[in-house]
2 protein chains.
Amino acid sequence: MAPLLRPTYAVIAKTAGVSEATVSRVLNGDESVHPDRAQRVRDAVEELGYKKNRVASALASGRTGLIAVVIDDDLSVFSDPFWGTVTSGVSRVLQENGLHTVLMVAPVGALDGGVAHYLKSGEVDGAIFFVLHSDILVNHLKKQGLPLVITGTPHSNADIPFVDTDNFGGAYSATKHLMSQGCKKVAIITGDIGTTAAKQRLDGYLQAHRESGTLPSKSLICEGDYSFESGKAHAQKLLETHPDLDGVFASNDLMAMGAITVFENAGKSVPGQIRVVGFDDALIAQTSRPSLTTVRQDVVALGEAAGSLMIAQLNGQDFEPIILPTELVIRESA
Amino acid sequence: MAPLLRPTYAVIAKTAGVSEATVSRVLNGDESVHPDRAQRVRDAVEELGYKKNRVASALASGRTGLIAVVIDDDLSVFSDPFWGTVTSGVSRVLQENGLHTVLMVAPVGALDGGVAHYLKSGEVDGAIFFVLHSDILVNHLKKQGLPLVITGTPHSNADIPFVDTDNFGGAYSATKHLMSQGCKKVAIITGDIGTTAAKQRLDGYLQAHRESGTLPSKSLICEGDYSFESGKAHAQKLLETHPDLDGVFASNDLMAMGAITVFENAGKSVPGQIRVVGFDDALIAQTSRPSLTTVRQDVVALGEAAGSLMIAQLNGQDFEPIILPTELVIRESA
DNA sequence: TTATTCCGTGAAAGCGGTTTCGCGGGTAGT
DNA sequence: ACTACCCGCGAAACCGCTTTCACGGAATAA
C-alpha cells in the first residue's frame, strides 16, 4: 500500500498565503517574520495536521537530531538492570531538548569496526559512550569534530567531556565497612580491568588496605567481567585458596550474587561466616536472600548528567566533568 | 566543526566513468548493468571509501529501513530483564535483513497520542507491538497499510499477524504442579487483565481448578501489574484474608519474588509452608533464595519469531501466527 | 538490406525540507 | 525632497539519493 499522504510545506504555504521559506522560518522559530503572517502559518499547520518530515529536514540541514548511546558490550548486558535505568536517564534529558537516542550495544573494536563506521556515517549529531576499553575511537572521533561524552574517566588525558560515579570512594567505603565489621581477610572481584571504573574500584579497595596497615595477597584480587558466572567462578576459586576468607567486595551486584550463591552452596553462611558487598544497588540486591549490602550509585542521575553534558556541547556552551557521589547501603549480607 | 566530507554518487560516477544513475543501479543490486561497468563502480567505492547516505536514500525512496518495536509501558520495564532479552531476539533478525530497530517504550494511549503520531509519521517501515491493552491503534495502522506484528494474541479477531507464548498451557501446568505438590488453596496474582497474556494465564489457572473439581474463591484471584511492588501488595492481602493459603502462582517472576519477600518476612517459609511459582524464568528466578520454580518461556525465540514475521510481511510473503511452547522449571520455591 | 524491437545507460526530475541572495518597501538622516 | 540603509520576504539552489523517460546502438525478423 502507498504510504499515507501528508501535507508538505507547499500546501501549508498555499493555505497561509506565504512562501515555503516563510513556513520554514516560522516553524523553526525565526522571530523576524511578521506576527500576522506567522499566525497564519500556525493556523494552517493546525488545520491541516502538518508534521515535519525529519528525513527531508536532516538532508537539508545536515543534522539528524539523533544522539548515539554506545555500550561497548553485547546485548546480554540487559540482564543487568543498570543499563536500562541509566539509558532512561539519558533519554529523558535528550527528549526534553528535541533530540532522540540511538542505542548501540556492540563491541566498539577497532577504527574499522561496525560501531566506528556507524559513528562516522553522519547519522548521529553526537555520541555518548558508556563502557570503554580503549580511547582510540573516541580520540579519533573527537578529532573529526563529533560531539562526545563518555561515562567513566578517560584512560588518557585527552580533553574529552565525561561523567562518572565516585568509584574509588565507593570501593574504599565498602572495604572499610567490611573491615569495621571485623573482616580480617577481604577479597575483591573486579570488573574488566581494562575499564577505568574497574581500576578505580580496585584502587579504592587497595587504599582501604593501606590505611589499615595490610596489603592483600595477589590471589585475593580476582578479575571478573561483571557477569553472574564470573562472580561464581572467582568465589569458587577463592574458597579453595583461602578457606579463612571472611569478606568479599564485588565490583557489581551480579558478581556479588554469584559469589553468594557459591558460598551458600558450600555451606558458608552469609553474613555469618563470610560477608559480601556489591556495587550498583540494582533490584537484584534488594530481593536476594540474604539481601545485599552494596554501594549505591544514582544511575538515573548518571544518565541525566551524560545527557546534559551532550546538550551543553551541542549548544556551544562551556562544561565541566561531573562526578556523582555513592552511598553504602547496609543490608543483610554485610 | 563542519561535518566530515564524504564522497557522494557524483564523485563515484566521475571516478568510474559512468552516470550517477548507474552508480545507484550497481549499489542497489541491479543486474542489468554491464559487468565491466559494474566492477568499475565497485572499485571506485572501495578506493574512495564510499558509504551510502541513508537520509538521502530514505527521502528519495520513501523507505527508512527502520522498524519500531513498541512496548506499551514505561522505561521501568527494563528492571525486568525479559524486555532486554526479547528485544535482542528481534534486533538480531532485523539486522540480518538490513533493517534497524527503533525501540519505543511509552504508553500507547489513544489515536492522538505520542506513539500513534510517531508511527503515522512515515519514519518507520513497520511496527512490532509487545504489550497491548487495546487493539484500537493497531487496527487503525493496519487500515493505513503499515506492516504490523503483535506479540500476544489480539483482543479482536482482526487479521493481525502475531506471535505468542503458550500462556494458557504454562499457567495450567504451573497450577497443576502446585496441586500435585499437595497444595489445597492456590491463589493467582495476574498481570494487567487488560492484556490477553494475563487473561490466558488466568484461564489456565481456572482450567486446572475445574479439572480438580474445585473453584477458587474470587479473593484468591488478584490483579497485579507485573511489578515487584504489586506482588508484595497482593501477597500481604492474601495472607490476611487466607491464613491457610498454601500455594501461589504469579504471572511473572518479579511478582513471584515480591510475594516470596512478604511471606518470608511474615515467618511463612517457602516452600515449607507456602509454595510459589512464577512465569518467565528471568535471572532473578535463578538467583533468588529460595530459587524460584517458574514457567520458562523462550524469550529470545519469541523476539526472533516476531522479527521473522515482520520480514515475511515486508517481502510480501505468506505467514501464520506463531505460538511458542513453555516449560515448567522446578526449583526450590515449589 | 531494411525495418522493428529491445535494452543499457545518461540526463534530469523529484523526494521535502533549509538557506542564500536579491528585491522592494519603509524608515531615517541630511 | 532625496539618498542611503535596513529588513521582511520570495525565488530558487541545494542537500544526496532514486527512479523515470528518452536516446542510441545492437540484435532480430522479414
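This structure is a prediction, so every number in the text was calculated from the model and none was measured. Throughout, a chain's letter reflects where its sequence line sits, starting with A, and its residues are numbered from 1.
Looking at which nucleotide of DNA chain C each of A:Ala60 and B:Ala60 is closest to, the 5′-most match is held by B:Ala60. Between B:Ser61 and B:Arg25, the residue anchored closer to the 5' end of DNA chain C is B:Arg25, taking for each the nucleotide with the nearest heavy atom.
Among the nucleotides D:dC17, C:dG8, D:dT19, the one closest to the side chain of B:Arg63 is D:dT19. The B:His34 side chain lies nearest to C:dG8 when the options are D:dC9, C:dG16, C:dG8.
Using a 4.0 Å heavy-atom criterion, one finds that B:Val33 contacts the sugar-phosphate atoms exclusively. Using a 4.0 Å heavy-atom cutoff across all strands shown, B:Ser24 reaches at least one base atom of the nucleic acid.
An OP1 or OP2 oxygen of D:dC15 is reached within less than 4.0 angstrom by no side-chain nitrogen or oxygen of B:Asn53. One finds no side-chain N or O of A:Tyr50 lying less than 4.0 angstrom from the OP1 or OP2 phosphate oxygen of C:dG16. Contact between the side-chain N/O atoms of A:Ser57 and the OP1/OP2 oxygens of C:dT18 is found at a separation under 4.0 Å.
Taking a cutoff of 4.0 Å between a charged side-chain nitrogen and a carboxylate oxygen, B:Arg42 and B:Glu46 do not qualify as a salt bridge.
Residue-environment remark: CD (A:Glu320) stays at or below the threshold of 12 foreign heavy atoms within 6.0 Å.
Atom NZ in A:Lys52 sits roughly 19 Å away from atom P in C:dC15 (whole-Å rounding). Nucleotide D:dC15 holds its P atom 23 Å from the CZ atom of A:Arg54, rounded to whole Å. Note: CG (B:Asn28) to C1' (D:dG16) measures 13 Å, nearest angstrom. Atom CZ of B:Arg6 and atom C1' of D:dG16 are 10 Å apart (whole Å). As rounded to whole Å, 11 Å separates atom P of D:dT18 from atom CG of B:Leu59. If you measure from atom CG of A:Leu27 to atom P of C:dT19, you get 13 Å, rounded to the nearest angstrom.
For DNA chain D, the neighbouring residues in residues 8-21 of chain B, judged by any heavy atom under 4.0 Å, are B:Thr8, B:Tyr9, B:Ala21.
For the residue pair A:Thr85 and A:Ser88, no side-chain donor N or O sits within less than 3.5 Å of a side-chain acceptor on the partner. B:Thr101 and B:Ser91 share a side-chain donor-acceptor pair at under 3.5 Å.
A salt bridge (Lys or Arg N to Asp or Glu O under 4.0 Å) with B:Glu123 holds for exactly one of A:Arg54, A:Lys52, A:Arg6, A:Lys51; it is A:Arg54.
Between the side chain of A:Asp225 and the main chain of A:Asp192, no donor-acceptor pair closer than 3.5 Å is present.
Counting only residues at least two apart or on different chains, the ring pair (Phe, Tyr, Trp, His ring centres under 6.0 Å) pairs with a member in residues 31-70 of chain B are B:Tyr9-B:Tyr50.
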